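Below: one structure, written as structure tokens.
Numbers for residues simply follow the sequence, beginning at 1. Since the structure is predicted, the reported quantities are computational estimates derived from the model, not experimental observations.
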Amino acid sequence: MMKTLMHSGFRKRGGRLVALCLVGQLALAGGAAWADQQGMNPAGSGKVGQAAAPAKAPAEPLESGDAPAEEAPAIELAVPPAPEGAAKTETGASVEDAAAAPSEVPGPAAPPEARQPAANGISWWRSFAHSIGLAADPAPGEVAQPTAGRPTGAPDYVIGPGDLLGISVWRDENLTRQLVVLPDGKISFPLIGELVAEGKTVAQLKKELEGRLAKYVTDAGLTVEVKQSNSMIVYIIGRVNAPGKQVLFCNTNVLQGLAMAGGLNPFAERGKVKIYRQQGERTAVFPFNYDDVADGRHLETNIQLQRGDVILVP
């Protein structure tokens with residue numbers, strides 16, 4: 001008997017808890033919907049900080065037998081043509097010119113723009129409802145959109161330190177070399193000496209070499225190629241399955257770089273990933289939220305990686 005009573009009591013309490021949970025979810029969903037509706041209709045009635053439109057005075061009722069008052073007809077003034085030698089105005093224009101000039105009548109003042117309601121009371125509803133999965137992201141940023149056609153071509157490769165270059169001159173084996181770009185970005189070539197190769201494309205380096213060789217070799221038939229790309233390196237550290245440096249052989253974004261590192265481990269803080277990039281004497285930091293990008297939101301944060309970038313997964 002006691003067991004039956006205890007089981008019935010637990011069932012009643014469980015039913016109450018389920019009912020409370022359902023009511024709470026409905027309340028949150030309703031609050032999120034209300035917040036969205038308030039954000040979509042900022043100029044609606046009943047908003048704080050919105051000036052009420054002045055009410056029109058009710059028309060006085062007409063007594064029996066009285067006819068409605070007619071509006072006064074507009075009066076047009078005819079200006080006779082001014083004779084020769086007519087008097088001039090103070091500005092030097094004749095009376096006829098002054099009468100013919102269109103008069104500027106000030107129109108009704110534009111109503112002041114309706115003040116936007118304070119969003120502090122709405123934003124936390126949206127954020128909280130989004131965090132528990134009952135509403136969409138209030139600030140989705142750039143979202144995934146289907147695109148037509150093929151992607152545009154990649155920019156020209158820029159030579160960097162560590163790259164292996166092949167430079168050859170037609171019918172001259174003595175001027176055929178394979179050179180590694182030094183850490184200072186320079187290479188050394190016969191008859192020319194040292195020149196900077198870092199930061200230049202293959203076409204730019206070829207043009208410079210042809211210009212310097214022109215006084216030694218006519219119609220050189222110069223060929224410049226990148227035998228091996230060793231400078232496109234990024235570093236992925238933190239809570240990934242395979243931290244370390246990764247060599248990039250094509251244009252790679254952050255999501256692809258994390259995939260090259262084996263993905264995030266179960267203890268990674270997926271919303272606090274950062275990309276560090278050296279730009280001259282300063283370091284730029286780019287935030288990255290793995291879950292948002294995986295869901296197709298905030299795609300603008302999935303930037304293209306550049307030489308020397310560091311991805312930190314806390």
Side-chain angles (χ1 to χ4, degrees), residues 151-238 240 242-262 273-288 300-313:
T152 57
D156 292 337
Y157 179 78
V158 177
I159 300 170
D163 289 346
L164 178 62
L165 305 179
I167 303 175
S168 60
V169 176
W170 186 56
R171 292 183 180 179
D172 194 337
E173 295 295 333
N174 295 325
L175 295 178
T176 299
R177 293 285 189 276
Q178 287 193 3
L179 306 172
V180 177
V181 181
L182 300 177
D184 59 358
K186 296 180 180 180
I187 59 174
S188 181
F189 195 75
L191 302 178
I192 295 177
E194 289 186 346
L195 73 158
V196 178
E198 180 184 6
K200 299 175 182 177
T201 64
V202 173
Q204 292 172 343
L205 181 60
K206 178 182 177 182
K207 184 177 180 180
E208 183 175 353
L209 286 170
E210 286 177 342
R212 294 197 180 190
L213 285 174
K215 57 183 178 181
Y216 303 108
V217 180
T218 58
D219 194 13
L222 188 69
T223 301
V224 179
E225 58 182 336
V226 179
K227 293 288 187 178
Q228 187 173 350
S229 174
N230 299 321
S231 62
M232 289 297 296
I233 299 175
V234 297
Y235 304 88
I236 306 174
I237 58 177
V240 292
K245 68 177 183 179
Q246 299 288 339
V247 180
L248 306 182
F249 299 101
C250 60
N251 291 330
T252 307
N253 56 36
V254 180
L255 204 60
Q256 293 169 335
L258 293 175
M260 295 170 64
V273 181
K274 292 182 175 61
I275 299 95
Y276 295 85
R277 177 174 297 169
Q278 192 71 27
Q279 296 179 341
E281 296 182 354
R282 57 183 290 268
T283 301
V285 180
F286 302 91
F288 180 83
E300 70 276 4
T301 61
N302 190 27
I303 59 176
Q304 294 286 332
L305 296 177
Q306 296 183 8
R307 181 182 286 117
D309 283 355
V310 178
I311 301 177
L312 173 63
V313 182

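- Looking only at distances, a side-chain donor or acceptor of Lys200 sits under 3.5 Å from a matching main-chain atom of Val196.
- Counting heavy atoms from C-beta on, the side chains of Val313 and Leu258 come closer than 4.5 Å.
- Annotation for Glu173: atom CD does not count as buried by contact number, only 12 or fewer foreign heavy atoms lying within 6.0 Å.
- Between the Asp309 side chain and the Arg277 main chain, no donor and acceptor come within less than 3.5 Å of each other.
- Judged by distance alone, the side chain of Glu210 and the main-chain N or O of Arg212 form no donor-acceptor pair under 3.5 Å.
- At a threshold of 4.5 Å between non-hydrogen side-chain atoms, the residues Leu205 and Leu165 count as touching.
- The backbone N or O of Asn253 sits less than 3.5 Å from a side-chain atom of Gln256, completing a donor-acceptor pair.
- Side chains of Ile311 and Val234 form no contact here, defined as non-hydrogen atoms less than 4.5 Å apart.
- Between the side chain of Asp163 and the main chain of Val226, no donor-acceptor pair closer than 3.5 Å is present.
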**Report entry** Derivation of the side chain to side chain contact (heavy atoms under 4.5 Å, CB included) call for Thr301 and Ile275
**Finding:** CA-CA 10 Å; Thr301 61; Ile275 299 95; over 6 Å; no
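- At a threshold of 4.5 Å between non-hydrogen side-chain atoms, the residues Ser231 and Tyr157 count as touching.
- No side-chain heavy atom of Ser229 sits less than 4.5 Å from a side-chain heavy atom of Val247.
- Side-chain contact check for Val202 versus Glu225: every heavy-atom pair is 4.5 Å or farther apart.
- Side chain of Arg307 to main chain of Val158: a donor-acceptor pair is present (N/O by atom type, distance under 3.5 Å, no hydrogens or angles).
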